[in-house]
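What follows is a single structure, written as structure tokens, with notes after it.
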Amino acid sequence: MRLLLMSDTHLPKRAKKLPEQLLEEIPRADVVVHAGDWVDTDTLDLLESRSRRLLAVYGNNDGPALRARLPEVARAELGGLRFGVIHETGPAQGREKRCAERFPDLDVLVFGHSHIPWDTTAPTGLRLLNPGSPTDRRRQPHCTYMTATADDGLLTEVALHRLPPR
């Protein structure tokens, strides 16, 4: 099962549209995961219409229209793994311990908010992934997103993709 992970698209404030490279990945993915801060409903409509399956949450910058359509936390079994998606996990220091305590029933937690790519594993085995942002690099050298494969209870081929400057 091929996964496409993104977060913090912030459209149309940080960019007018999603990067072409990211849009080209959507039909290749079995599941598209978005960890919040959409800002506009048009991006949600676009991903819902182009994705085979969308697993998504709202973020702190998402207003009532998005909050009415999306949960704060989403969960799904994908490729034999228990996935969770949330926008914000708090400060980097202590993140693994905090998330492992909050989500003891998950194998993988995808999150956003910081725009900083993150890939770590808690002592409990919980894998934490933040794909960064495809539209707002903040203090990072590149805008980013992730892909991964979930199959038979294993998460493999986790890759961070850098997007060219706009």
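All values derive from a computational prediction rather than experimental measurement. Keep in mind that the numbers below use all heavy atoms, side chains included, and drop hydrogens, waters and symmetry copies.
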Quiz prompt | Nearest heavy atoms of Trp38 and Thr9, plus distance in Å | solution = CA-OG1, 3.6 Å
Exercise. Indicate whether any N or O donor in one side chain lies under 3.5 Å from an N or O acceptor in the other, for His113 and Asp8.
Key: no
Quiz prompt | Spacing of Asn60 atom CG and Glu72 atom CD [to the nearest 0.5 Å] | solution = 10.5 Å
Quiz item: Roughly how far apart are Asn61 CG and Lys13 NZ, rounded to 0.5 Å?
Solution: 7.0 Å
Quiz item: Do side-chain atoms of Arg98 reach the backbone of Pro91 as a donor and acceptor pair under 3.5 angstrom?
Solution: yes
Exercise. Identify the heavy atoms of Leu11 and Val39 that sit nearest to each other, and give their distance.
Key: O-CB, 3.4 Å
Exercise. For Ser49 and Leu46, indicate whether the former's side chain and the latter's backbone hold a donor-acceptor pair under 3.5 Å.
Key: yes
Quiz item: Which atom pair, heavy atoms only, marks the closest approach of Met1 to Asp30?
Solution: CA-OD2, 3.3 Å
Quiz item: Using 30° and 60° as the class limits, which term best fits the ring planes of Phe111 and Trp118: parallel, tilted or perpendicular?
Solution: perpendicular
Quiz item: With Arg28, which residues qualify under salt bridge (charged side-chain N to carboxylate O under 4.0 Å, His left out), at least two apart?
Solution: Glu25
Practice problem: State whether the side chain of Arg82 and the backbone N or O of Val108 hold a donor-acceptor pair below 3.5 Å, judged by distance alone. | Solution: no
Self-check item: For the student: nearest non-hydrogen atoms of Arg69 and Thr41, plus distance
Solution: NH1-CB, 3.9 Å
Practice problem: State, without any angle test, whether Arg2 and Thr149 hold a side-chain donor-acceptor pair at a distance under 3.5 Å. | Solution: no
Exercise. For Asp152, look at atom CG and say whether over 12 heavy atoms of other residues, nucleotides or ligands are found less than 6.0 Å away.
Key: no
Quiz item: So do the side chains of Arg50 and Pro27 get within less than 4.5 Å of each other, counting heavy atoms only?
Solution: no
Practice problem: State plainly whether one hydrophobic cluster holds both Val33 and Met6, where clusters connect Ile, Leu, Val, Met, Phe, Trp and Tyr through side-chain heavy atoms under 4.5 angstrom apart. | Solution: no
Practice problem: Determine whether the side chains of His34 and His87 contain a donor N or O and an acceptor N or O closer than 3.5 Å. | Solution: no
Quiz item: Less than 4.5 Å apart, any side-chain heavy atom of Thr121 and any of Glu96?
Solution: no
Exercise. Taking Asp62 for its side chain and Asp37 for its backbone only, find out whether a donor-acceptor pair lies under 3.5 Å.
Key: yes
Quiz prompt | CG-OG1 distance between Asp40 and Thr43, expressed to the nearest 0.5 angstrom | solution = 3.5 Å
Practice problem: Find out whether Thr120 and Leu129 are in side-chain contact, i.e. whether some heavy atom of one side chain is under 4.5 Å from a heavy atom of the other. | Solution: no
Quiz item: What closest approach, in Å, do Ala74 and Val57 show between heavy atoms, and which atom pair accounts for it?
Solution: N-CG1, 3.4 Å
Quiz item: So do Leu55 and Val32 actually touch side chain to side chain, heavy atoms under 4.5 Å?
Solution: no
Quiz item: Taking the side chain from Thr144 and the backbone from Pro131, do they hold a donor-acceptor pair closer than 3.5 Å?
Solution: yes
Quiz item: Quick one: does Arg67's side chain have a donor or acceptor within less than 3.5 Å of a partner on Tyr58's backbone?
Solution: no
Quiz prompt | Residues that Asp136 engages under salt bridge (charged side-chain N to carboxylate O under 4.0 Å, His left out), provided they are two or more places apart | solution = Arg14
Quiz prompt | ILVMFWY network linking Leu66 to Val73, side-chain heavy atoms under 4.5 angstrom | solution = no
Exercise. Examine Met146 and Leu3 and state if one hydrophobic cluster contains both, with Ile, Leu, Val, Met, Phe, Trp and Tyr joined whenever side-chain heavy atoms are less than 4.5 Å apart.
Key: yes
Self-check item: Asp119/Arg127 ion pair, N-O < 4.0 Å
Solution: yes
Practice problem: Grab the two heavy atoms, one from Gly84 and one from Leu106, that are nearest each other, plus how far apart they are. | Solution: CA-CD1, 3.6 Å
Quiz prompt | Rounded distance [0.5 Å steps], OG in Ser114 versus CZ in Arg139 | solution = 8.5 Å
Quiz item: Any chain of hydrophobic side-chain contacts (each under 4.5 Å) joining Leu70 to Ile86?
Solution: no
Quiz item: Which distance, rounded to the nearest 0.5 Å, do you find between the OG of Ser7 and the NE2 of His115?
Solution: 7.0 Å
Quiz prompt | Leu5 with Leu128, same ILVMFWY side-chain cluster at under 4.5 Å | solution = no
Quiz prompt | Nearest-0.5 Å distance that lies between atom CG in Leu154 and atom CG in Leu81 | solution = 7.0 Å
